[in-house]
**Q** 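The structure is given below, and queries will be raised subsequently.
What you are looking at is a predicted structure, and each value in this text was computed from that prediction instead of being measured.
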Amino acid sequence: KAGVTQTPRYLIKTRGQQVTLSCSPISGHRSVSWYQQTPGQGLQFLFEYFSETQRNKGNFPGRFSGRQFSNSRSEMNVSTLELGDSALYLCASSQSGQEHTEAFFGQGTRLTVV
Amino acid sequence: DQQVKQNSPSLSVQEGRISILNCDYTNSMFDYFLWYKKYPAEGPTFLISISSIKDKNEDGRFTVFLNKSAKHLSLHIVPSQPGDSAVYFCAATISGGYQKVTFGTGTKLQVIP
């Protein structure tokens, strides 16, 4: 059974550009969550989607957005990139999205903004 | 505001000894706690969890202890093995919060052979 797949693995963008990251969850999983990991901040929750609906959102500016498709694949978009957006972006999928379900993480996308 | 805190950024332990990783939280609404392990270039993997109705949960070499009054939890690894060397994240969530999980900043464990 394939794990959570994130593409691309590495990305370099220029300040002011926008970027789209993709996450394919484990087959049968309907919940996808996104996290930003930076040194000293740990993993910070961005948002969670379940059945194409955003159910939860973290404390990030509106430049960060996401969506989920009918096949549960999810994308997140960051517009007007800033240097501080350089981070490892992780997505996690879970089967039902129930609160006590442990999530399975992908390897992440390393975004560098220059 | 860091609601889940791991105050030790790193820990070194001899192989075969006990590793104790600590975590404190400030939000009394948290009622479910998890530990994740992360190797370099990989995503975090779930290790063990505990509900707030319990004070201990054990899974093989891993035991998590929860002290609700102190808002403190700890992960014990006995005996520690070199393969346990990784970054360990403590995390917490609120029932009904679905997958909104609040993570600590991580503790890098090094098990010395």
**Q** Could you pull out the closest heavy-atom pair between F89(B) and Q37(A), with the gap in Å?
**A**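 Looking at all heavy atoms of both residues, the closest pair is CZ-NE2, 3.5 Å.
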**Q** Do any of residues 106-113 of chain A come closer than 4.5 Å to chain B, heavy atom to heavy atom, and if so which ones, in number order?
**A** G106(A), Q107(A)
**Q** Between F103(B) and F45(A), does a side-chain contact (heavy atoms from CB on, under 4.5 Å) hold up when you go through it step by step?
**A** CA-CA 8 Å; F103(B) 283 81; F45(A) 175 79; over 6 Å; no
**Q** For R61(B), enumerate each residue passing the side chain to side chain contact (heavy atoms under 4.5 Å, CB included) test, keeping only those at least two apart in sequence or located in another chain.
**A**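 If we apply the side chain to side chain contact (heavy atoms under 4.5 Å, CB included) test to R61(B), skipping adjacent residues, the hits are I77(B), P79(B), Q81(B), D84(B).
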**Q** Are L83(A) and L11(A) grouped together when hydrophobic residues (ILVMFWY) are joined by side-chain heavy atoms under 4.5 angstrom apart?
**A** yes
**Q** Count the heavy atoms of every other residue, nucleotide or ligand shown that sit under 6.0 Å from CZ of F104(A), and state whether that count exceeds 12.
**A**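 Atom CZ in F104(A) is not crowded, with 12 or fewer foreign heavy atoms closer than 6.0 Å.
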**Q** Among residues 104-113 of chain B, which residues come closer than 4.5 Å to chain A, judged by heavy atom distances?
**A** G104(B), T105(B)
**Q** Are M76(A) and L90(A) linked, directly or through other ILVMFWY residues, by side chains that come within less than 4.5 angstrom of each other?
**A**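 Different clusters.
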**Q** Taking it one step at a time, do V101(B) and Y35(A) satisfy side-chain contact (heavy atoms from CB on, under 4.5 Å)?
**A** CA-CA 9 Å; V101(B) 179; Y35(A) 292 85; 3.4 Å; yes
**Q** Would you indicate whether K54(B), at its atom NZ, is surrounded by more than 12 heavy atoms from other residues, nucleotides or ligands within a distance under 6.0 Å?
**A** no
**Q** Ring pair (Phe, Tyr, Trp, His ring centres under 6.0 Å), that's the test. Do F105(A) and F46(B) meet it? Break it down for me.
**A** CA-CA 9 Å; F105(A) 282 84; F46(B) 169 73; over 10 Å; no
**Q** Is the number of heavy atoms from other residues, nucleotides or ligands under 6.0 Å of R15(A) CZ greater than 12?
**A**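 Result for CZ/R15(A): open.
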**Q** According to a hydrophobic-cluster definition based on side-chain heavy atoms being under 4.5 Å apart (Ile, Leu, Val, Met, Phe, Trp, Tyr only), do V78(A) and V32(A) belong together?
**A** yes
**Q** Would you mind checking which part of L88(A) comes under 4.5 Å of any heavy atom in chain B, side chain (CB onward), backbone (N, CA, C, O), both or neither?
**A**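 Side chain of L88(A) only, per the 4.5 Å heavy-atom cut-off to chain B.
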**Q** For N59(A), I'd like to know if atom CG has over 12 heavy atoms of other residues, nucleotides or ligands within 6.0 Å.
**A**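 It does not: N59(A) CG has 12 such atoms or fewer within range.
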**Q** Can you tell me which portion of S49(B) sits under 4.5 Å from chain A's heavy atoms? Options are side chain, backbone, both or neither.
**A**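 Contact with chain A is through the side chain of S49(B) alone.
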**Q** Who in residues 37-44 of chain B is close to chain A, using a strict under-4.5 Å heavy-atom cut-off?
**A**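 If one takes a 4.5 Å heavy-atom cut-off, the residues of residues 37-44 of chain B near chain A are K38(B), A41(B), E42(B), G43(B), P44(B).
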**Q** Is I20(B) linked to F62(B) within one hydrophobic cluster, defined over Ile, Leu, Val, Met, Phe, Trp and Tyr using a side-chain heavy-atom separation of less than 4.5 Å?
**A**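 Result: no, two separate clusters.
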**Q** CD1 of I12(A): more than 12 outside heavy atoms within 6.0 angstrom?
**A** no
**Q** Would you mind checking which part of L43(A) comes under 4.5 Å of any heavy atom in chain B, side chain (CB onward), backbone (N, CA, C, O), both or neither?
**A** both
**Q** Could you see if L47(B) belongs to whatever hydrophobic cluster contains F65(B)? Use Ile, Leu, Val, Met, Phe, Trp, Tyr and a side-chain cutoff under 4.5 Å.
**A** no
